[in-house]
Amino acid sequence: MIIEGKVWLFGDNVDTDAIIPARYLSSTDPVELARHCMEDISPEFAGDVQEGDLIVGGNNFGCGSSREHAPLAIKGAGVSCVVARSFARIFYRNAINIGLPILECPDELAHALSPGESLRVDLHRGLITRLSDGSCFQAAPFPPFMGEIIRQGGLIEYVRERIKNI
Amino acid sequence: MTGQTMVEKILARGAGKERVQPGELVNVKVDLALGNDITAPVAIKEFTRLGLKRVFDPDRVVLVPDHFTPNRDIAAAEQAQLLRRFAGDYGIKHYFEVGRMGVEHALLPEQGLVRPGDIIIGADSHTCTYGALGAFATGVGSTDLAAAMALGEAWFKVPSTIRFVFEGTLPPWVGGKDLILYTIGQIGVEGARYRAMAFCGPTINNLSMDGRLTMANMAIEAGGKCGYMEPDQITFSYLEGRTGGPFSAVYGDPDAEYEQTYHFDVSRLQPQVAFPPAPDNSRPVAEASGIQIDQVVIGSCTNGRLEDLRAAALVLKGRRVHPRVRLLIIPATQLIYRQALEEGLLATFIEAEAAVSTPTCGPCLGGHMGILARGEKALATTNRNFVGRMGHAESEVYLCNPAVAAASAVAGQIVHPEEVVR
(Lines give C-alpha, C1' and ligand atoms only; values in the text may rest on other atoms or scores of the structure.)
Protein backbone atom coordinates (compact mmCIF):
# COMPACT_ATOMS: atom_id res chain seq x y z
CA MET A 1 0.00 0.00 0.00
CA ILE A 2 1.36 3.41 -1.02
CA ILE A 3 0.46 6.54 0.93
CA GLU A 4 1.21 10.10 -0.10
CA GLY A 5 0.47 13.10 2.04
CA LYS A 6 1.43 16.32 3.73
CA VAL A 7 3.40 16.20 6.97
CA TRP A 8 2.30 17.47 10.38
CA LEU A 9 5.46 17.69 12.44
CA PHE A 10 5.50 17.11 16.21
CA GLY A 11 8.33 16.87 18.74
CA ASP A 12 9.36 14.31 21.36
CA ASN A 13 7.08 12.76 24.00
CA VAL A 14 3.72 13.71 22.47
CA ASP A 15 1.46 12.26 25.18
CA THR A 16 -2.04 10.85 24.83
CA ASP A 17 -3.49 13.76 26.85
CA ALA A 18 -2.15 15.99 24.08
CA ILE A 19 -3.48 13.73 21.31
CA ILE A 20 -6.95 13.62 22.86
CA PRO A 21 -7.60 15.39 26.19
CA ALA A 22 -9.42 13.24 28.76
CA ARG A 23 -12.34 15.67 28.92
CA TYR A 24 -13.52 14.27 25.56
CA LEU A 25 -13.34 10.60 26.51
CA SER A 26 -17.08 10.29 27.03
CA SER A 27 -17.21 9.48 23.33
CA THR A 28 -15.91 6.45 21.47
CA ASP A 29 -16.72 7.86 18.02
CA PRO A 30 -13.51 8.46 15.99
CA VAL A 31 -15.06 11.38 14.08
CA GLU A 32 -16.19 13.14 17.26
CA LEU A 33 -12.79 12.49 18.89
CA ALA A 34 -11.01 13.81 15.79
CA ARG A 35 -12.60 17.24 16.33
CA HIS A 36 -10.41 17.65 19.42
CA CYS A 37 -7.28 15.83 18.27
CA MET A 38 -4.09 17.72 19.39
CA GLU A 39 -6.31 20.56 20.61
CA ASP A 40 -4.09 21.64 23.54
CA ILE A 41 -0.75 21.57 21.70
CA SER A 42 -1.74 22.39 18.11
CA PRO A 43 -5.12 24.15 18.07
CA GLU A 44 -5.21 24.43 14.27
CA PHE A 45 -4.59 20.71 13.64
CA ALA A 46 -8.16 19.41 13.90
CA GLY A 47 -9.53 22.08 11.56
CA ASP A 48 -6.77 22.02 8.97
CA VAL A 49 -5.76 18.37 8.73
CA GLN A 50 -6.62 16.83 5.35
CA GLU A 51 -7.57 13.26 4.55
CA GLY A 52 -4.34 11.37 3.86
CA ASP A 53 -1.97 13.70 5.79
CA LEU A 54 0.82 12.14 7.84
CA ILE A 55 1.95 12.80 11.39
CA VAL A 56 5.69 12.72 12.01
CA GLY A 57 6.78 12.67 15.66
CA GLY A 58 10.04 12.42 17.57
CA ASN A 59 10.84 10.00 20.37
CA ASN A 60 8.27 8.24 22.55
CA PHE A 61 5.21 9.27 20.52
CA GLY A 62 1.94 8.45 22.33
CA CYS A 63 3.32 8.19 25.86
CA GLY A 64 1.04 8.36 28.88
CA SER A 65 -2.34 6.76 29.19
CA SER A 66 -3.60 3.60 27.50
CA ARG A 67 -6.56 5.35 25.87
CA GLU A 68 -7.21 3.79 22.48
CA HIS A 69 -9.12 6.99 21.80
CA ALA A 70 -5.72 8.50 20.88
CA PRO A 71 -5.05 6.41 17.75
CA LEU A 72 -8.82 6.42 17.08
CA ALA A 73 -8.83 10.24 17.06
CA ILE A 74 -5.84 10.32 14.71
CA LYS A 75 -7.47 7.77 12.42
CA GLY A 76 -10.77 9.65 12.60
CA ALA A 77 -8.97 12.83 11.53
CA GLY A 78 -8.08 11.09 8.28
CA VAL A 79 -4.37 10.74 9.05
CA SER A 80 -2.99 7.98 6.83
CA CYS A 81 0.13 7.08 8.79
CA VAL A 82 2.10 8.05 11.89
CA VAL A 83 5.87 8.04 11.53
CA ALA A 84 8.04 8.57 14.62
CA ARG A 85 11.56 7.93 15.83
CA SER A 86 10.02 5.76 18.55
CA PHE A 87 6.60 4.99 20.01
CA ALA A 88 5.42 4.45 23.57
CA ARG A 89 4.51 0.78 23.82
CA ILE A 90 0.76 0.96 24.52
CA PHE A 91 0.20 3.45 21.70
CA TYR A 92 2.22 1.20 19.40
CA ARG A 93 0.11 -1.88 20.10
CA ASN A 94 -3.13 0.12 20.03
CA ALA A 95 -2.32 1.51 16.59
CA ILE A 96 -1.55 -1.97 15.24
CA ASN A 97 -4.64 -3.42 16.92
CA ILE A 98 -6.99 -0.88 15.31
CA GLY A 99 -5.25 -0.85 11.93
CA LEU A 100 -3.69 2.64 12.03
CA PRO A 101 -0.46 2.43 10.00
CA ILE A 102 2.63 3.41 12.00
CA LEU A 103 6.33 3.29 11.19
CA GLU A 104 9.50 3.77 13.22
CA CYS A 105 11.84 5.90 11.14
CA PRO A 106 15.53 6.70 11.44
CA ASP A 107 16.69 9.88 13.20
CA GLU A 108 17.79 11.62 10.01
CA LEU A 109 14.28 11.72 8.59
CA ALA A 110 12.63 13.53 11.49
CA HIS A 111 15.53 15.95 11.62
CA ALA A 112 15.37 16.70 7.89
CA LEU A 113 11.66 17.43 7.60
CA SER A 114 9.87 20.77 7.54
CA PRO A 115 6.18 21.12 8.36
CA GLY A 116 3.93 20.96 5.35
CA GLU A 117 6.26 19.05 3.04
CA SER A 118 5.09 15.79 1.55
CA LEU A 119 6.10 12.16 1.97
CA ARG A 120 5.40 8.97 0.10
CA VAL A 121 5.26 5.84 2.25
CA ASP A 122 5.39 2.29 0.96
CA LEU A 123 3.85 0.53 3.97
CA HIS A 124 4.63 -2.97 2.80
CA ARG A 125 8.33 -2.26 2.31
CA GLY A 126 8.60 0.33 5.07
CA LEU A 127 10.12 2.79 2.61
CA ILE A 128 9.65 6.52 3.24
CA THR A 129 10.44 9.01 0.43
CA ARG A 130 10.68 12.80 0.70
CA LEU A 131 8.93 14.19 -2.34
CA SER A 132 10.90 17.46 -2.19
CA ASP A 133 14.25 15.81 -3.03
CA GLY A 134 13.49 12.12 -3.56
CA SER A 135 15.62 10.98 -0.59
CA CYS A 136 14.62 7.58 0.83
CA PHE A 137 14.56 6.26 4.37
CA GLN A 138 14.01 2.70 5.55
CA ALA A 139 11.67 2.17 8.53
CA ALA A 140 12.14 -0.64 11.04
CA PRO A 141 10.35 -3.80 9.83
CA PHE A 142 7.43 -5.33 11.78
CA PRO A 143 7.94 -8.73 13.42
CA PRO A 144 5.98 -11.37 11.45
CA PHE A 145 3.35 -11.79 14.18
CA MET A 146 2.44 -8.08 14.08
CA GLY A 147 2.56 -8.15 10.31
CA GLU A 148 -0.09 -10.86 10.49
CA ILE A 149 -2.37 -8.70 12.67
CA ILE A 150 -1.92 -5.80 10.27
CA ARG A 151 -2.55 -8.08 7.26
CA GLN A 152 -5.82 -9.31 8.77
CA GLY A 153 -7.00 -5.74 9.39
CA GLY A 154 -6.52 -5.51 13.15
CA LEU A 155 -6.59 -7.62 16.28
CA ILE A 156 -10.33 -8.33 16.27
CA GLU A 157 -10.14 -9.88 12.80
CA TYR A 158 -7.12 -11.86 13.98
CA VAL A 159 -9.06 -13.11 17.02
CA ARG A 160 -12.03 -13.98 14.80
CA GLU A 161 -9.74 -16.26 12.79
CA ARG A 162 -8.35 -17.78 15.99
CA ILE A 163 -11.85 -18.54 17.29
CA LYS A 164 -12.74 -20.29 14.01
CA ASN A 165 -9.75 -22.55 14.43
CA ILE A 166 -10.31 -23.44 18.08
CA MET B 1 22.69 -20.85 30.28
CA THR B 2 22.07 -17.77 32.43
CA GLY B 3 19.19 -17.39 34.82
CA GLN B 4 15.95 -15.53 34.23
CA THR B 5 14.32 -12.51 35.80
CA MET B 6 10.99 -12.70 37.62
CA VAL B 7 9.18 -11.26 34.61
CA GLU B 8 10.79 -13.71 32.17
CA LYS B 9 9.80 -16.63 34.41
CA ILE B 10 6.20 -15.44 34.81
CA LEU B 11 5.81 -14.91 31.06
CA ALA B 12 7.41 -18.31 30.33
CA ARG B 13 4.95 -19.97 32.68
CA GLY B 14 2.04 -18.11 31.06
CA ALA B 15 3.21 -19.16 27.62
CA GLY B 16 3.70 -22.79 28.69
CA LYS B 17 7.42 -22.61 27.96
CA GLU B 18 10.54 -23.60 29.85
CA ARG B 19 12.12 -20.18 29.33
CA VAL B 20 11.76 -17.02 27.25
CA GLN B 21 14.23 -14.42 25.99
CA PRO B 22 13.88 -10.64 25.99
CA GLY B 23 12.60 -9.54 22.60
CA GLU B 24 10.71 -12.78 22.01
CA LEU B 25 6.99 -12.45 21.19
CA VAL B 26 4.82 -14.69 23.35
CA ASN B 27 1.15 -15.42 23.66
CA VAL B 28 0.25 -15.87 27.33
CA LYS B 29 -2.79 -16.83 29.36
CA VAL B 30 -3.99 -13.96 31.53
CA ASP B 31 -5.17 -14.39 35.11
CA LEU B 32 -7.16 -11.17 35.10
CA ALA B 33 -8.35 -8.63 32.52
CA LEU B 34 -9.48 -5.18 33.68
CA GLY B 35 -11.38 -2.29 32.15
CA ASN B 36 -12.88 1.00 33.37
CA ASP B 37 -15.70 3.31 32.31
CA ILE B 38 -13.51 4.99 29.66
CA THR B 39 -11.67 2.05 28.15
CA ALA B 40 -14.21 -0.78 28.57
CA PRO B 41 -16.89 0.84 26.35
CA VAL B 42 -14.47 0.67 23.39
CA ALA B 43 -13.55 -2.90 24.36
CA ILE B 44 -17.21 -3.91 24.65
CA LYS B 45 -17.90 -2.44 21.20
CA GLU B 46 -15.04 -4.51 19.73
CA PHE B 47 -15.93 -7.63 21.75
CA THR B 48 -19.51 -7.44 20.47
CA ARG B 49 -18.22 -7.58 16.88
CA LEU B 50 -16.99 -11.11 17.62
CA GLY B 51 -20.55 -12.29 18.33
CA LEU B 52 -19.57 -14.36 21.37
CA LYS B 53 -22.09 -15.44 23.98
CA ARG B 54 -19.65 -15.46 26.87
CA VAL B 55 -16.34 -14.06 28.02
CA PHE B 56 -13.45 -16.53 28.50
CA ASP B 57 -14.07 -16.62 32.26
CA PRO B 58 -16.61 -14.31 33.94
CA ASP B 59 -14.62 -14.51 37.20
CA ARG B 60 -11.44 -13.21 35.58
CA VAL B 61 -12.84 -10.05 34.03
CA VAL B 62 -12.93 -6.97 36.27
CA LEU B 63 -14.94 -3.85 35.43
CA VAL B 64 -14.61 -0.70 37.53
CA PRO B 65 -16.47 2.51 36.74
CA ASP B 66 -14.04 4.95 38.35
CA HIS B 67 -12.91 7.66 35.91
CA PHE B 68 -16.00 9.80 35.28
CA THR B 69 -18.09 8.41 38.15
CA PRO B 70 -20.22 9.29 40.04
CA ASN B 71 -21.45 10.18 36.56
CA ARG B 72 -20.24 13.65 35.62
CA ASP B 73 -22.70 14.13 32.73
CA ILE B 74 -25.14 12.26 30.52
CA ALA B 75 -22.47 10.89 28.18
CA ALA B 76 -20.51 9.52 31.14
CA ALA B 77 -23.70 8.07 32.61
CA GLU B 78 -24.30 6.21 29.38
CA GLN B 79 -20.78 4.79 29.34
CA ALA B 80 -21.20 3.62 32.95
CA GLN B 81 -24.56 2.13 32.00
CA LEU B 82 -22.93 0.20 29.16
CA LEU B 83 -20.48 -1.33 31.66
CA ARG B 84 -23.23 -2.17 34.13
CA ARG B 85 -25.36 -3.85 31.47
CA PHE B 86 -22.45 -5.79 30.01
CA ALA B 87 -21.49 -6.97 33.52
CA GLY B 88 -25.08 -8.12 34.08
CA ASP B 89 -25.50 -9.77 30.68
CA TYR B 90 -22.21 -11.66 30.84
CA GLY B 91 -22.28 -12.54 34.55
CA ILE B 92 -19.11 -10.58 35.37
CA LYS B 93 -18.46 -11.33 39.02
CA HIS B 94 -16.06 -8.49 39.73
CA TYR B 95 -18.08 -5.46 38.75
CA PHE B 96 -17.83 -2.74 41.38
CA GLU B 97 -20.71 -0.27 41.53
CA VAL B 98 -20.46 3.28 42.87
CA GLY B 99 -20.64 3.04 46.66
CA ARG B 100 -18.69 -0.22 46.62
CA MET B 101 -15.97 0.73 44.16
CA GLY B 102 -12.64 2.45 44.30
CA VAL B 103 -9.96 3.74 42.00
CA GLU B 104 -9.17 0.49 40.16
CA HIS B 105 -5.50 0.11 41.01
CA ALA B 106 -6.10 0.72 44.70
CA LEU B 107 -9.18 -1.52 44.62
CA LEU B 108 -7.89 -4.71 42.99
CA PRO B 109 -5.00 -5.38 45.40
CA GLU B 110 -7.19 -4.43 48.36
CA GLN B 111 -9.87 -6.91 47.25
CA GLY B 112 -7.33 -9.72 46.97
CA LEU B 113 -7.68 -9.94 43.20
CA VAL B 114 -3.91 -9.61 42.64
CA ARG B 115 -1.58 -12.45 43.57
CA PRO B 116 2.17 -12.90 43.21
CA GLY B 117 3.04 -14.64 39.95
CA ASP B 118 -0.19 -13.57 38.21
CA ILE B 119 -0.35 -12.16 34.68
CA ILE B 120 -2.73 -9.20 34.65
CA ILE B 121 -3.63 -6.89 31.82
CA GLY B 122 -5.74 -3.78 32.18
CA ALA B 123 -7.02 -1.27 29.70
CA ASP B 124 -5.45 1.44 31.80
CA SER B 125 -1.80 2.42 31.75
CA HIS B 126 -1.41 2.30 35.54
CA THR B 127 -2.17 -1.42 35.63
CA CYS B 128 1.59 -1.73 36.25
CA THR B 129 0.75 -0.96 39.92
CA TYR B 130 0.24 -4.68 40.67
CA GLY B 131 3.91 -5.41 40.10
CA ALA B 132 4.29 -4.29 43.73
CA LEU B 133 2.86 -7.69 44.68
CA GLY B 134 5.20 -9.64 42.43
CA ALA B 135 2.73 -9.99 39.56
CA PHE B 136 3.43 -9.24 35.91
CA ALA B 137 0.91 -6.51 35.21
CA THR B 138 0.79 -4.09 32.33
CA GLY B 139 -1.47 -1.60 30.62
CA VAL B 140 -2.92 -2.35 27.21
CA GLY B 141 -5.56 -0.81 24.98
CA SER B 142 -9.26 -1.49 24.66
CA THR B 143 -8.95 -3.86 21.70
CA ASP B 144 -6.39 -5.90 23.64
CA LEU B 145 -8.93 -6.09 26.45
CA ALA B 146 -11.61 -7.22 23.99
CA ALA B 147 -9.30 -9.96 22.68
CA ALA B 148 -8.43 -11.05 26.22
CA MET B 149 -12.11 -11.15 27.20
CA ALA B 150 -12.68 -13.46 24.22
CA LEU B 151 -9.64 -15.74 24.43
CA GLY B 152 -8.15 -15.25 27.89
CA GLU B 153 -4.86 -14.51 26.17
CA ALA B 154 -2.63 -11.57 25.28
CA TRP B 155 0.51 -11.17 23.20
CA PHE B 156 3.67 -9.55 24.53
CA LYS B 157 7.20 -8.85 23.57
CA VAL B 158 9.25 -10.16 26.51
CA PRO B 159 10.86 -7.06 28.03
CA SER B 160 14.43 -6.82 29.15
CA THR B 161 14.75 -5.67 32.76
CA ILE B 162 16.43 -2.66 34.31
CA ARG B 163 17.26 -3.09 37.99
CA PHE B 164 17.11 -0.24 40.49
CA VAL B 165 18.87 -0.91 43.78
CA PHE B 166 17.96 1.53 46.55
CA GLU B 167 20.15 1.81 49.61
CA GLY B 168 19.91 3.87 52.78
CA THR B 169 17.27 4.72 55.37
CA LEU B 170 14.73 7.24 54.10
CA PRO B 171 14.71 10.64 55.85
CA PRO B 172 11.47 11.85 57.48
CA TRP B 173 8.71 12.92 55.06
CA VAL B 174 10.26 10.90 52.22
CA GLY B 175 8.53 7.81 50.82
CA GLY B 176 7.71 5.70 47.80
CA LYS B 177 6.50 8.68 45.78
CA ASP B 178 9.83 10.45 46.20
CA LEU B 179 11.77 7.31 45.26
CA ILE B 180 9.84 6.91 42.02
CA LEU B 181 9.83 10.61 41.09
CA TYR B 182 13.58 10.68 41.70
CA THR B 183 14.05 7.53 39.60
CA ILE B 184 12.01 8.90 36.69
CA GLY B 185 13.95 12.16 36.97
CA GLN B 186 17.20 10.21 36.65
CA ILE B 187 16.24 8.13 33.60
CA GLY B 188 13.61 10.29 31.84
CA VAL B 189 10.09 9.64 30.58
CA GLU B 190 11.32 7.08 28.09
CA GLY B 191 14.24 5.77 30.15
CA ALA B 192 12.52 2.41 30.64
CA ARG B 193 10.52 2.31 27.42
CA TYR B 194 9.48 -1.30 26.73
CA ARG B 195 11.50 -2.45 29.78
CA ALA B 196 10.55 -4.05 33.06
CA MET B 197 11.70 -2.05 36.10
CA ALA B 198 12.87 -4.16 39.05
CA PHE B 199 12.86 -2.23 42.33
CA CYS B 200 15.03 -3.79 45.03
CA GLY B 201 17.63 -3.19 47.73
CA PRO B 202 17.53 -2.56 51.48
CA THR B 203 15.33 0.55 51.18
CA ILE B 204 12.69 -1.39 49.26
CA ASN B 205 12.87 -4.31 51.69
CA ASN B 206 11.79 -1.87 54.40
CA LEU B 207 9.20 -0.04 52.33
CA SER B 208 5.50 -0.55 53.17
CA MET B 209 3.13 -2.15 50.68
CA ASP B 210 1.43 1.22 50.11
CA GLY B 211 4.79 2.78 49.27
CA ARG B 212 5.61 -0.09 46.90
CA LEU B 213 2.27 0.24 45.13
CA THR B 214 2.99 3.96 44.61
CA MET B 215 6.34 3.15 43.01
CA ALA B 216 5.16 0.38 40.70
CA ASN B 217 2.20 2.58 39.73
CA MET B 218 4.47 5.14 38.09
CA ALA B 219 6.70 2.72 36.14
CA ILE B 220 4.69 3.74 33.07
CA GLU B 221 5.81 7.35 33.53
CA ALA B 222 9.32 6.19 32.61
CA GLY B 223 7.84 4.28 29.67
CA GLY B 224 8.11 0.96 31.53
CA LYS B 225 6.09 -2.08 30.55
CA CYS B 226 5.92 -3.00 34.20
CA GLY B 227 7.53 -2.23 37.53
CA TYR B 228 7.87 -4.79 40.29
CA MET B 229 9.15 -5.85 43.67
CA GLU B 230 9.74 -9.54 44.32
CA PRO B 231 7.38 -10.85 47.01
CA ASP B 232 8.60 -10.94 50.62
CA GLN B 233 7.20 -11.01 54.15
CA ILE B 234 5.64 -7.55 53.71
CA THR B 235 3.84 -8.84 50.60
CA PHE B 236 2.63 -11.98 52.34
CA SER B 237 1.41 -10.04 55.39
CA TYR B 238 -0.52 -7.72 53.06
CA LEU B 239 -2.12 -10.70 51.31
CA GLU B 240 -3.20 -12.36 54.55
CA GLY B 241 -6.93 -12.22 55.11
CA ARG B 242 -7.66 -10.92 51.63
CA THR B 243 -9.77 -13.00 49.33
CA GLY B 244 -6.96 -14.11 46.98
CA GLY B 245 -6.71 -17.89 46.63
CA PRO B 246 -3.54 -19.95 46.52
CA PHE B 247 -0.66 -18.60 44.47
CA SER B 248 2.87 -19.46 43.59
CA ALA B 249 5.33 -16.60 43.94
CA VAL B 250 8.06 -16.24 41.34
CA TYR B 251 11.59 -15.01 41.96
CA GLY B 252 14.37 -13.99 39.60
CA ASP B 253 17.37 -16.32 39.49
CA PRO B 254 20.52 -15.08 41.27
CA ASP B 255 22.31 -15.12 37.91
CA ALA B 256 19.48 -13.46 35.97
CA GLU B 257 20.61 -10.97 33.35
CA TYR B 258 19.64 -7.32 33.74
CA GLU B 259 20.06 -4.89 30.91
CA GLN B 260 21.31 -2.29 33.33
CA THR B 261 21.60 -1.76 37.08
CA TYR B 262 21.29 1.59 38.85
CA HIS B 263 22.38 2.08 42.46
CA PHE B 264 20.75 4.94 44.31
CA ASP B 265 21.80 5.98 47.82
CA VAL B 266 18.62 7.61 49.10
CA SER B 267 19.65 8.28 52.68
CA ARG B 268 19.68 12.03 52.00
CA LEU B 269 16.87 12.18 49.47
CA GLN B 270 14.67 15.27 49.78
CA PRO B 271 10.93 15.11 49.06
CA GLN B 272 10.63 15.44 45.30
CA VAL B 273 8.43 17.73 43.22
CA ALA B 274 7.91 17.07 39.50
CA PHE B 275 7.48 20.37 37.66
CA PRO B 276 5.22 20.59 34.61
CA PRO B 277 4.97 19.40 31.91
CA ALA B 278 6.32 15.86 32.52
CA PRO B 279 6.90 13.53 35.47
CA ASP B 280 10.65 13.32 34.78
CA ASN B 281 11.02 17.00 35.59
CA SER B 282 11.54 16.18 39.27
CA ARG B 283 13.60 18.28 41.64
CA PRO B 284 14.13 18.51 45.40
CA VAL B 285 11.24 20.31 47.10
CA ALA B 286 13.56 23.16 48.09
CA GLU B 287 13.77 24.17 44.43
CA ALA B 288 9.97 24.49 44.29
CA SER B 289 9.85 26.53 47.46
CA GLY B 290 7.62 29.58 47.18
CA ILE B 291 5.58 28.52 44.15
CA GLN B 292 2.03 29.66 44.89
CA ILE B 293 -0.74 27.16 44.29
CA ASP B 294 -4.50 27.39 43.78
CA GLN B 295 -5.50 23.76 44.29
CA VAL B 296 -4.09 20.70 46.02
CA VAL B 297 -5.27 17.17 45.26
CA ILE B 298 -4.50 14.24 47.56
CA GLY B 299 -5.72 10.94 46.14
CA SER B 300 -5.57 8.79 42.96
CA CYS B 301 -4.25 5.30 42.21
CA THR B 302 -0.81 6.67 43.05
CA ASN B 303 -1.39 8.15 46.51
CA GLY B 304 -4.95 7.69 47.74
CA ARG B 305 -4.26 4.81 50.15
CA LEU B 306 -4.57 4.77 53.93
CA GLU B 307 -0.88 5.47 54.58
CA ASP B 308 -1.13 8.51 52.29
CA LEU B 309 -4.18 9.83 54.12
CA ARG B 310 -2.44 9.27 57.48
CA ALA B 311 0.55 11.30 56.28
CA ALA B 312 -1.76 14.11 55.17
CA ALA B 313 -3.66 14.03 58.47
CA LEU B 314 -0.45 14.21 60.46
CA VAL B 315 0.28 17.53 58.75
CA LEU B 316 -3.28 18.88 58.75
CA LYS B 317 -4.16 18.04 62.38
CA GLY B 318 -5.05 21.28 64.11
CA ARG B 319 -4.22 23.39 61.04
CA ARG B 320 -6.22 25.09 58.32
CA VAL B 321 -5.94 25.15 54.57
CA HIS B 322 -4.64 28.49 53.32
CA PRO B 323 -7.55 30.82 52.41
CA ARG B 324 -6.36 31.05 48.78
CA VAL B 325 -6.18 27.27 48.33
CA ARG B 326 -8.73 24.55 47.59
CA LEU B 327 -7.70 21.21 49.07
CA LEU B 328 -9.39 18.09 47.68
CA ILE B 329 -8.87 14.78 49.44
CA ILE B 330 -10.12 11.64 47.73
CA PRO B 331 -9.75 8.30 49.51
CA ALA B 332 -9.07 5.79 46.75
CA THR B 333 -11.55 3.11 47.77
CA GLN B 334 -14.68 2.75 49.84
CA LEU B 335 -12.77 0.64 52.38
CA ILE B 336 -10.03 3.26 52.72
CA TYR B 337 -12.76 5.89 53.11
CA ARG B 338 -14.29 3.90 55.98
CA GLN B 339 -10.94 3.27 57.65
CA ALA B 340 -10.15 6.98 57.39
CA LEU B 341 -13.49 7.69 59.01
CA GLU B 342 -12.86 5.23 61.83
CA GLU B 343 -9.36 6.58 62.49
CA GLY B 344 -10.66 10.14 62.65
CA LEU B 345 -8.71 11.24 59.58
CA LEU B 346 -11.81 12.53 57.81
CA ALA B 347 -12.68 14.71 60.80
CA THR B 348 -9.16 16.15 60.70
CA PHE B 349 -9.54 16.91 56.98
CA ILE B 350 -12.95 18.51 57.34
CA GLU B 351 -11.83 20.60 60.32
CA ALA B 352 -8.88 21.76 58.21
CA GLU B 353 -11.44 22.87 55.60
CA ALA B 354 -10.54 20.32 52.95
CA ALA B 355 -13.19 19.01 50.55
CA VAL B 356 -13.42 15.23 51.00
CA SER B 357 -14.87 13.21 48.15
CA THR B 358 -16.13 9.72 47.45
CA PRO B 359 -13.58 7.61 45.46
CA THR B 360 -13.06 8.72 41.84
CA CYS B 361 -10.16 9.30 39.42
CA GLY B 362 -11.90 12.65 38.75
CA PRO B 363 -9.38 15.51 38.84
CA CYS B 364 -6.26 13.40 38.14
CA LEU B 365 -7.08 13.30 34.44
CA GLY B 366 -9.07 16.52 34.30
CA GLY B 367 -12.27 14.50 34.20
CA HIS B 368 -14.36 16.20 36.88
CA MET B 369 -14.30 17.14 40.59
CA GLY B 370 -11.60 19.80 40.50
CA ILE B 371 -10.85 21.13 37.01
CA LEU B 372 -8.35 23.98 36.72
CA ALA B 373 -9.00 27.35 35.09
CA ARG B 374 -6.56 29.13 32.78
CA GLY B 375 -3.41 30.11 34.61
CA GLU B 376 -4.12 28.08 37.76
CA LYS B 377 -1.50 25.92 39.44
CA ALA B 378 -2.19 22.65 41.23
CA LEU B 379 -0.01 20.51 43.44
CA ALA B 380 -1.14 16.89 43.32
CA THR B 381 -0.20 13.45 44.60
CA THR B 382 -1.30 12.07 41.23
CA ASN B 383 0.92 10.67 38.48
CA ARG B 384 0.88 12.98 35.45
CA ASN B 385 1.49 16.68 34.89
CA PHE B 386 1.21 16.90 31.10
CA VAL B 387 -0.15 20.02 29.41
CA GLY B 388 -3.87 20.33 30.17
CA ARG B 389 -3.91 17.20 32.33
CA MET B 390 -6.11 18.68 35.07
CA GLY B 391 -8.01 21.24 33.04
CA HIS B 392 -7.18 24.27 30.92
CA ALA B 393 -4.20 23.93 28.58
CA GLU B 394 -2.65 26.93 30.33
CA SER B 395 -3.01 25.47 33.83
CA GLU B 396 -0.13 23.64 35.50
CA VAL B 397 0.27 20.56 37.66
CA TYR B 398 3.14 19.81 40.05
CA LEU B 399 3.48 16.29 41.48
CA CYS B 400 4.57 15.36 45.02
CA ASN B 401 3.96 13.08 48.02
CA PRO B 402 0.93 13.45 50.35
CA ALA B 403 2.82 15.18 53.19
CA VAL B 404 4.26 17.83 50.88
CA ALA B 405 0.79 18.30 49.36
CA ALA B 406 -0.87 18.75 52.76
CA ALA B 407 1.83 21.11 54.08
CA SER B 408 1.70 23.20 50.91
CA ALA B 409 -2.09 23.43 51.14
CA VAL B 410 -1.62 24.98 54.58
CA ALA B 411 1.20 27.29 53.47
CA GLY B 412 -0.47 28.34 50.21
CA GLN B 413 2.79 27.62 48.42
CA ILE B 414 5.00 24.61 47.88
CA VAL B 415 6.96 23.86 51.07
CA HIS B 416 8.82 21.04 52.80
CA PRO B 417 6.48 19.50 55.45
CA GLU B 418 8.97 20.33 58.21
CA GLU B 419 8.29 24.02 57.58
CA VAL B 420 4.69 23.46 58.66
CA VAL B 421 5.12 20.69 61.24
CA ARG B 422 7.83 21.77 63.63
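Throughout, protein chains are lettered first and strands after them, A, B, ... in sequence-line order, and every chain is numbered starting at 1.
- Side-chain atoms of Asp40(A) do not come within 3.5 Å of backbone N or O of Gly388(B) as any donor-acceptor pair.
- No side-chain donor-acceptor contact under 3.5 Å links Glu190(B) to the backbone of Asn13(A).
- For Arg384(B) and Ser65(A), the side-chain atoms include no donor-acceptor pair closer than 3.5 Å.
- Judged purely by atom type and a 3.5 angstrom limit, Arg89(A) has no side-chain atom pairing as donor or acceptor with the backbone of Arg195(B).
- Annotation for Ser26(A) and Ala75(B): closest pair CB-CB, 3.4 Å, computed over non-hydrogen atoms.
- Contact annotation for Asp37(B): neither backbone nor side-chain heavy atoms come within less than 4.5 Å of a heavy atom of chain A.
- With a 4.5 Å cut-off on non-hydrogen atoms, Lys45(B) touches chain A through its side chain but not through its backbone.
- The parts of Leu50(B) that come within reach of chain A are both its backbone and its side chain, each placing non-hydrogen atoms under 4.5 angstrom from that chain.
- With hydrogens and angles ignored, the 3.5 Å screen pairs no side-chain donor or acceptor of Arg49(B) with any backbone N or O of Arg160(A).
- Listed for the Arg193(B) side chain is a donor-acceptor partner under 3.5 Å among the backbone atoms of Phe87(A).
- The OG1 atom of Thr28(A) sits 6.5 Å away from atom CD of Gln79(B), with the distance rounded to the nearest 0.5 Å.
- Side chains of Arg162(A) and Asn27(B) form a contact here, defined as non-hydrogen atoms less than 4.5 Å apart.
- Leu25(A) contributes atom CG, which lies 10.0 Å from atom OG1 of Thr39(B) (distance to the nearest 0.5 angstrom).
- Of all non-hydrogen atoms in Arg93(A) and Trp155(B), the two that sit nearest each other are NH2-O, 2.7 Å.
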